[in-house]
2 protein chains.
Amino acid sequence: MRGDLFSPECPTRKLLDRIGTKWMSMAVKVLAEEAGELRFSELRRRMPGVSQKMLSVTLQGMVKDGLVGRRVEPVVPPRVFYRLTPLGLSLDEPLAALREWAEEHMVEIDHANQRYTQDAPGV
Amino acid sequence: MRGDLFSPECPTRKLLDRIGTKWMSMAVKVLAEEAGELRFSELRRRMPGVSQKMLSVTLQGMVKDGLVGRRVEPVVPPRVFYRLTPLGLSLDEPLAALREWAEEHMVEIDHANQRYTQDAPGV
DNA sequence: CAGGATCCCACGCGATACTG
DNA sequence: CAGTATCGCGTGGGATCCTG
């Protein structure tokens, strides 16, 4: 019956809005590979290119969504650890399928783009 | 070995940039359900909320990516038909997995958000 | 060390109007 | 009917600086 997907409060739409952000799905992948806790700084090193602000914002969103758990060791300087919740871990499954598809087929998309571009001489 | 995912030219990154756009994954779903051709106007009716401009832009991108085929009947007024290519159809598989996850689990994310919000009294 | 506060820009997207 | 052209806005996200 899934005809009502993508209606106003469509769950798929909301999920896509999340995984479409630049860093969230990468964070899921890195945390899923770790299968345990990672410190903020370690997480950052494993996500090349992420700024400290965006990693912070991304993780806050994921904690709020219940995808990630956050644990603070009250020492100075602070040590903060993140790990996937069971919910977050379950999300890695469909995301892994997406990654596999990308690895197998994105080259075809690249080729299609090249063909398209060279077949359409400068407007 | 997949450690180089999300590097500069990461295929997963490029795929997410595409399916993260507002209408593309919906178009894949609608075209996959049809299992055949759909006219522009029919496609639009099956994608509630899409503007004619955004549908046009979305379809152009998908044609360029080789996900969708376009056929024009040279009559007046013009009749234009779209269908998924095999590549586009194959993309529907991981997207369907994502939709299933969303249907099953987005409610948990909603609950997590509600708890988070009410546990964090106005800053 | 972890992250908050600011500033700013690019761009995805919608609304509207026009055309072959 | 199926687009194309133009305008404007909201916001994702980067750079930089500051702090408990």
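Convention: sequence-line order gives letters A, B, ...; per-chain numbering from 1. Heavy-atom basis, side chains included; hydrogens, waters and symmetry copies ignored.
- Following rounding to the nearest Å, A:M26 (CE) and D:dG13 (P) show an atom-to-atom distance of 11 Å.
- Distance CG (A:L59) to P (C:dC1): 17 Å, rounded to an integer number of Å.
- Listed candidates were C:dG4, C:dA2, D:dG3. Nearest to the side chain of B:S56 is D:dG3.
- In this structure, the CD atom of A:E37 is 18 Å from the P atom of C:dC1, given to the nearest Å.
- Atom-to-atom, CG of A:L55 to C1' of D:dG13 comes out at 13 Å; the value is rounded to the nearest Å.
- Taking side-chain N and O atoms only, A:R18 has no distance below 4.0 Å to OP1 or OP2 of D:dG12.
- At a threshold of 4.0 angstrom between heavy atoms, the contacts of A:F81 with the nucleic acid are absent.
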side-chain hydrogen bond (donor to acceptor under 3.5 Å, both in side chains) evaluation trace for B:S56 with B:Q52: CA-CA 6 Å; B:S56 181; B:Q52 159 236 50; over 6 Å; no
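- Computed from coordinates, the A:D17 CG to D:dG10 P distance equals 18 Å when rounded to whole Å.
- Remark: the backbone N or O of B:K22 is paired with a side-chain donor or acceptor of A:R13 at under 3.5 angstrom.
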Contact state string [nucleotides 6-20 of chain C, B base, S sugar-phosphate only, - no protein heavy atom under 4.0 Å]: B------SBB-B--B
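- Between B:V57 and B:Q60, the closest side-chain pair of non-hydrogen atoms is not below 4.5 Å.
- Nucleotide D:dA2 holds its P atom 10 Å from the CZ atom of B:R44, rounded to whole Å.
- Within the structure, a side-chain polar atom (N or O) of B:R39 is placed less than 4.0 Å from OP1 or OP2 of D:dA2.
- The distance from atom CZ of B:F40 to atom P of D:dA2 is 7 Å, rounded to the nearest whole Å.
- In this structure, A:Q60 atom CD and D:dG12 atom C1' are separated by 15 Å, rounded to whole Å.
- A search for side-chain contact (heavy atoms from CB on, under 4.5 Å) contacts involving B:V80 returns B:R70, B:V72, B:Y82, not counting sequence neighbours.
- For the pair A:T21/B:L16, no side-chain contact is recorded, criterion being any heavy-atom separation below 4.5 Å from C-beta on.
- Sorted by first then second residue, the salt bridge (charged side-chain N to carboxylate O under 4.0 Å, His left out) pairs that include residues 48-69 of chain A, not counting sequence neighbours, are A:R18-A:D65.
- Looking only at atom types and distance, the side chain of A:H111 has no donor-acceptor partner in the side chain of A:E108 under 3.5 Å away.
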